[in-house]
Amino acid sequence: MATLNIMVGHAQGKVPVTILRAEGDIDAATHKVLQDKASEVIKAGSKHILLDLGGVNYMGSAGFRAIHAISNMLSDEKSSGLTKSAYLKLLKPTDAVARVIKTLGFDVYLDIYQDRDEAVNSF
Amino acid sequence: MSVEQVFDFSVKASLDNLQEIRSYIDRVGARLGVSESALGDLRLAVDEAVTNVILHGYGKLDGIVELHMHGDGDAVVIRIRDRAKTFDPSQVRAPQLDTALNDRPLGGMGIFLIRKMMDEAEFLPLPGGGNEIRLVKRGAIRAGI
């Protein structure tokens with residue numbers, strides 16, 4: 001079975017940002033690990049999440065379903081519509097994952113960064 | 001004369017085996033000389049197809065998934081067989097990609113991804129029950145292998 005570990009970090013930009021670093025494969029067997037950890041930090045008060053995908057070797061549609069659910073958990077009425085999320089951003093997806101992000105149109109609604117500090121300060 | 005290499009794999013239909021199935025695609029892909037880019041597409045398409053079989057075909061029932069992978073010229077052909085209830089992909093709604101995430105229903109991306117990643121994707125009922133998914137990726141095998 002695939003393994004997925006989620007590490008939680010914090011950074012201070014213009015606002016406090018919670019960084020979730022995913023390591024492993026995100027498939028239908030493991031996506032709940034990501035979704036549950038995000039739910040946990042949101043319930044604990046996190047309002048801005050940077051999802052670091054640099055350690056993700058594989059991500060299928062279940063991973064995108066989890067990202068979608070996290071975006072919904074963080075959103076409010078202000079963020080609905082055809083604007084990019086002010087609350088969830090992605091960091092360093094691999095080329096393969098980035099390609100699927102584009103195929104599914106997630107890049108239209110979620111900002112993607114390669115540099116951690118730039119990402120943190122963008123919130 | 002070239003000898004066609006055919007690789008078969010049979011595994012219990014369980015989400016816990018998805019990684020093993022992706023590893024099978026990687027192993028056979030390496031033997032066939034599949035490019036890294038095509039291998040990523042095949043890995044994704046097969047993972048999505050088998051996930052559908054497990055979650056929506058067998059549901060809570062036990063079952064087996066059989067995979068058959070071979071090269072055909074520069075193409076890779078993969079057949080995935082199950083004994084689950086008949087699956088009709090025309091009943092699956094396409095994801096609303098031009099709709100904001102907050103306004104989209106969750107999920108529904110698997111079949112869409114399979115069709116995007118493959119040159120051909122056929123979903124066929126098997127005589128006597130079950131389904132066969134036939135996937136073809138052209139230009140996948142590097143020349144000279």
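Please read these numbers as outputs of a predicted model, since none were measured by experiment. Chain letters run A, B, ... following the sequence lines, proteins first, then strands; residues in each count from 1.
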Would a hydrophobic clustering, with Ile, Leu, Val, Met, Phe, Trp and Tyr connected at side-chain separations under 4.5 Å, put [X] with [Y]?
{"X": "B:F7", "Y": "B:L39", "value": "yes"}
{"X": "A:I49", "Y": "A:M73", "value": "yes"}
{"X": "A:L53", "Y": "A:L50", "value": "no"}
{"X": "A:V17", "Y": "A:I6", "value": "no"}
{"X": "B:I111", "Y": "B:I133", "value": "yes"}

Between OG of B:S37 and CZ of A:R99, what distance do you get to the nearest 0.5 Å?
->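 Between atom OG of B:S37 and atom CZ of A:R99 there are 5.5 Å.
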How many angstroms lie between CE in B:M109 and CZ in A:R65, if you round to the nearest 0.5 Å?
->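 Answer rounded to 0.5 Å: 7.5 Å.
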If contact means a heavy atom pair closer than 4.5 Å, which residues of residues 47-55 of chain B contact chain A?
->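 Near chain A, by residue number: B:D47, B:E48, B:T51.
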More than 12 heavy atoms of other residues, nucleotides or ligands under 6.0 Å from NZ of A:K89: is that the case?
->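 Correct, the count exceeds 12.
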Atom CG of A:D95: over 12 foreign heavy atoms under 6.0 Å | no
Using the six-membered ring of A:Y58, assess whether NZ or CZ of B:R43 lies under 6.0 Å from its centre and within 45 degrees of the ring axis.
-> no
Max heavy-atom pair count under 4.5 Å with chain A, selected residue of B:R22, B:K116, B:M117 =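 It is B:R22.
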Taking all heavy atoms of B:F112 and all of A:T103, pick out the closest pair and write down the distance.
->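 Here B:F112 and A:T103 meet closest at CE2-O, 3.7 Å.
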Over all atoms of both residues, closest heavy-atom pair of B:L113 and A:S61 |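 Shortest heavy-atom contact: CD1-CB, 3.9 Å.
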Contact class of A:A2 relative to chain B, heavy atoms under 4.5 angstrom = both
Side chain from CB out, backbone as N, CA, C, O: work out which of these in A:L110 comes under 4.5 Å of a heavy atom of chain B, or both, or neither.
-> side chain
Could you walk me through whether B:L44 and A:V100 pass side chain to side chain contact (heavy atoms under 4.5 Å, CB included), step by step?
-> CA-CA 9 Å; B:L44 182 62; A:V100 187; 3.7 Å; yes
